[in-house]
Amino acid sequence: MSPYIITIAREFGSGGKEIALQLSELLGIPCYERQLITLASDKSGIDESLFVETDEKLRGAQIANFLRKQPSPVVVEPHEKGFISDVNLFNIMADVIRTLAQTQSCIIVGKCADVILNSYPNVISLFIEAPRHACVRSIMKKLNVSEKRAKYLCQKTDQYRARYYNFYSGGAEWKNPNNYDCILNSERIGRRQCAELIMAYAKQRFGSDDPQKTAE
């Protein structure tokens, strides 16, 4: 059978990446987030720094408005104009995500993966959220920053992610529950419990006591 994929979108400070890593250990499958940038860079030959600049954000309103006129999902070749445009960098990343989805079971964090894989039947898409005060507290501890700085980072990062999702999804809202199989509040039930709940859901969804068997 086909591999199964779990995509996780998350508010900044909600613990989405931590939950993904715990889920990776529970299921014994890889988790991809920052590694996707390296894979996209290796695939295209484009420096990683350019992918980092557009990682879940857009490079300015003027560029975004221009790119909206370039909706083609086709990857541009190196000799063509626009090879390092935001849209082409996204399309390269999307190709990497699709390849992973076709070849292995894995967890993908962010990168609009739920949108990219929305036609795949073997995908579970989740959104991890938490109250703002919990996200701020988590960022203060993780980054060792002041409460004021943590609040700013939470606000700006979530704005970046929302705009990025809206743009590449063709207008969908990042936090719309209809985009996901499930939305979990990590503050309410705990991060470890989130990972365990997702694992249980995966077992139900794929009809096996061990979801990994669906990839065999």
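Residues: numbered from 1 along the sequence shown.
Although no hydrogens or angles enter the test, the distance criterion places a donor-acceptor pair under 3.5 Å between the side chain of Gln35 and the main chain of Glu33. Listed for the Ser14 side chain is a donor-acceptor partner under 3.5 Å among the backbone atoms of Ile128. A donor-acceptor contact shorter than 3.5 Å links the side chain of Thr103 to the backbone of Thr99. In terms of modelled atom types and a separation under 3.5 Å, the side chain of Glu11 and the main chain of Ala130 share a donor-acceptor contact. Of the possible polar contacts, none joining the Asn179 side chain to the Asp114 backbone as a donor-acceptor pair under 3.5 Å is found. Side-chain atoms of Arg205 come within 3.5 Å of backbone N or O of Val123 as a donor-acceptor pair. In this structure, Asn166 contributes its side chain and Gly171 its backbone to a donor-acceptor pair below 3.5 Å. Ser138 places no side-chain N or O within donor-acceptor distance of the main-chain N or O of Ala134, the cut-off being under 3.5 Å. No side-chain donor-acceptor contact under 3.5 Å links Ser105 to the backbone of Ile29.
Put simply, the side chain of Val109 reaches to within 4.5 Å of the side chain of Cys31, judged on heavy atoms. Contact annotation: the side chain of Ile107 never approaches that of Pro30 to less than 4.5 Å [non-hydrogen atoms, C-beta and beyond]. Taking the side chain as every heavy atom from C-beta outward, Cys112 and Phe90 approach each other to under 4.5 Å.
In this structure, Glu173 places its CD atom where only 12 or fewer heavy-atom neighbours from other residues, nucleotides or ligands lie under 6.0 Å away.
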Original post:
Would Leu27 and Ile6 satisfy side-chain contact (heavy atoms from CB on, under 4.5 Å), going step by step from the backbone distance to the final call?
Top reply: CA-CA 11 Å; Leu27 292 174; Ile6 299 174; 3.8 Å; yes

Subject >> side-chain contact (heavy atoms from CB on, under 4.5 Å) between Lys148 and Leu153, worked out >> reply: CA-CA 9 Å; Lys148 181 178 179 180; Leu153 291 173; over 6 Å; no

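Closest approach of Arg192 to Gln22, counting heavy atoms only: CA-OE1, 3.1 Å. Shown here for Val145 and Arg149, the closest heavy-atom pair between the two residues is CB-CG, 3.8 Å. In terms of heavy atoms, Cys135 sits closest to Phe12 at CB-O, 3.4 Å. Contact detail for Lys175 and Ile183: the closest heavy-atom pair is O-CD1, 4.1 Å. The minimum heavy-atom distance between Tyr165 and Trp174, with the atom names listed, is CD2-CA, 3.5 Å. Residues Ala195 and Leu23 come closest through the heavy atom pair O-CD1, 3.4 Å.
With sequence neighbours excluded, the residues forming a side-chain hydrogen bond (donor to acceptor under 3.5 Å, both in side chains) with Ser125 are Thr7, listed by chain and number. Scanning for side-chain hydrogen bond (donor to acceptor under 3.5 Å, both in side chains) contacts around Glu129 gives an empty result, with sequence neighbours left out.
Between Arg10 and Asp158, no side-chain nitrogen of the basic residue sits less than 4.0 Å from a carboxylate oxygen of the acidic one, so the salt-bridge criterion is not met. Between Arg137 and Glu187 there is a salt bridge, since at least one side-chain N of the basic residue sits less than 4.0 Å from a carboxylate O of the acidic one.
Cluster membership check: Leu21 does not share its hydrophobic cluster with Ile19, using side-chain heavy-atom separations under 4.5 Å among Ile, Leu, Val, Met, Phe, Trp and Tyr. No single ILVMFWY cluster, assembled from side-chain heavy atoms under 4.5 Å apart, contains both Leu143 and Tyr160. Under the 4.5 Å side-chain contact rule for hydrophobic residues, Leu39 and Met93 share a cluster.
One finds the CD1 atom of Ile139 at 7.5 Å from the OG1 atom of Thr157 (value rounded to the nearest 0.5 Å). Atom-to-atom distance recorded for Lys111:NZ and Leu36:CG is 6.0 Å, nearest 0.5 angstrom. Here Ile124 contributes atom CD1 and Ile8 contributes atom CD1; the two are 10.0 Å apart, rounded to the nearest 0.5 Å. To the nearest 0.5 Å, atoms CD (Gln102) and CD1 (Ile5) are separated by 9.5 Å. With values rounded to the nearest 0.5 angstrom, Ile116 atom CD1 is found 8.5 Å from Asn91 atom CG. Rounding to the nearest 0.5 Å places CE of Met140 at 9.0 Å from NZ of Lys151.
Aromatic pair Tyr164/Tyr168: ring centres closer than 6.0 Å.
A donor-acceptor contact closer than 3.5 angstrom links the side chains of Tyr32 and Gln104.
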